Amino acid sequence: MTGDGRVSGGQKVLVAIDLSDESGEIIERARSIAGDGDLHLVHVQEPMDTVYMGVVPFGPVFPGVDEAEDKLRDELRKRLDHWATRFSVAAGQAHLRYGTPASEIKALADEIDCDLIVIGTHGQKGVQLLLGSTANSVLHGACHDVLAVRVGAKGDD
Ligand code: AMP
């Protein structure tokens, strides 16, 4: 990064989005920092057994999980492509990964050798902070600069 907080031309910025409406705010912020730099987007599909553990019975009692994950992947791909098109990010730079969000974001950052990771944060504190968040997990252990963009309602502390 340069002294004024922008990355210089030709550098890569990886923007992690959860595909919620707040994604636009995060990408816009990344775009303003990236300037001429190259934007990459990433969304990570979490395995259903992680997301619904304890809520939905799995194994032989839920044989449709693979098909459900395939359908979800198609839907997530469409939503990710929507954000990529809206912000003129090349299709090859909109990455859909599968796994634990923080680990996959860090792994992709290594693979594409980016200069900066941009991620949203709701400014968790108290119990939420103790439990951790994707932003916290990326911040702790990333080998790259990380910018956490505060998203959500102003004055929500
Ligand atoms: P959270 O930890 O859920 O409050 O999310 C904070 C930020 O982490 C989001 O604004 C995104 O930047 C990023 N994030 C959360 N979940 C994902 C995901 N599944 N894929 C990519 N980025 C994510």
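All of these numbers come straight from a predicted model, not from anything done at the bench.
In the hydrophobic clustering (ILVMFWY side chains linked at under 4.5 Å, chained through shared members), Y98 stands by itself.
Considering all non-hydrogen atoms of both residues, A109 and H144 come closest at O-NE2, 3.4 Å. Of all non-hydrogen atoms in I26 and G120, the two that sit nearest each other are CD1-CA, 3.6 Å. Scanning all heavy atoms of the two residues, the minimum distance from A94 to A84 falls at CB-CB, 3.9 Å.
V146 and L108 fall within the same hydrophobic cluster, where Ile, Leu, Val, Met, Phe, Trp and Tyr residues are linked whenever their side-chain heavy atoms come under 4.5 Å apart, directly or through other members. A continuous path of ILVMFWY side-chain contacts below 4.5 Å connects L76 to W83, so both sit in one hydrophobic cluster. In the hydrophobic cluster analysis, where Ile, Leu, Val, Met, Phe, Trp and Tyr join through side-chain heavy atoms closer than 4.5 angstrom, M48 is grouped apart from V44. At a threshold of 4.5 Å between side-chain heavy atoms, the hydrophobic network of Ile, Leu, Val, Met, Phe, Trp and Tyr places I117 and I33 in two separate groups. A continuous path of Ile, Leu, Val, Met, Phe, Trp and Tyr side chains, each step under 4.5 Å between heavy atoms, connects L19 with L41, placing both in one hydrophobic cluster.
In this structure S20 satisfies the side-chain hydrogen bond (donor to acceptor under 3.5 Å, both in side chains) test together with D18, sequence neighbours excluded. Evaluation of the side-chain hydrogen bond (donor to acceptor under 3.5 Å, both in side chains) rule for R86 yields no partner, not counting sequence neighbours. Residues forming a side-chain contact (heavy atoms from CB on, under 4.5 Å) with A16 (at least two apart in sequence, or on another chain): V42, I105, I119. Residues meeting the side-chain hydrogen bond (donor to acceptor under 3.5 Å, both in side chains) test with H95, sequence neighbours left out: H40. With sequence neighbours excluded, the residues that form a salt bridge (charged side-chain N to carboxylate O under 4.0 Å, His left out) with D81 are R77.
T100 contributes atom OG1, which lies 7.0 Å from atom CD of E46 (distance to the nearest 0.5 angstrom). In this structure, CZ on R150 lies 10.5 Å from CD on E22, to the nearest 0.5 angstrom.
By the 6.0 Å contact criterion, CZ on R29 is open, its count of non-hydrogen atoms from other residues, nucleotides or ligands being 12 or less. In this structure, D70 places its CG atom where more than 12 heavy-atom neighbours from other residues, nucleotides or ligands lie under 6.0 Å away.
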**OP:** Evaluate the side-chain contact (heavy atoms from CB on, under 4.5 Å) criterion for residues Q11 and L116: first the C-alpha distance (whole Å), next the side-chain angles of each, then the deciding distance (0.1 Å), finally the verdict.
**Re:** CA-CA 9 Å; Q11 295 198 316; L116 177 70; over 6 Å; no
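The closest side-chain heavy-atom distance from L39 to R31 is below 4.5 Å. Using a 4.5 Å heavy-atom threshold, the side chains of L80 and I17 count as touching. At a threshold of 4.5 Å between non-hydrogen side-chain atoms, the residues Q93 and K12 do not count as touching.
The existence of a salt bridge linking R79 and E75 is confirmed by a sub-4.0 Å separation between a basic side-chain nitrogen and an acidic carboxylate oxygen.
Of the possible donor and acceptor atoms, none in the side chain of E69 sits under 3.5 Å from a partner among the backbone N and O of Q45.
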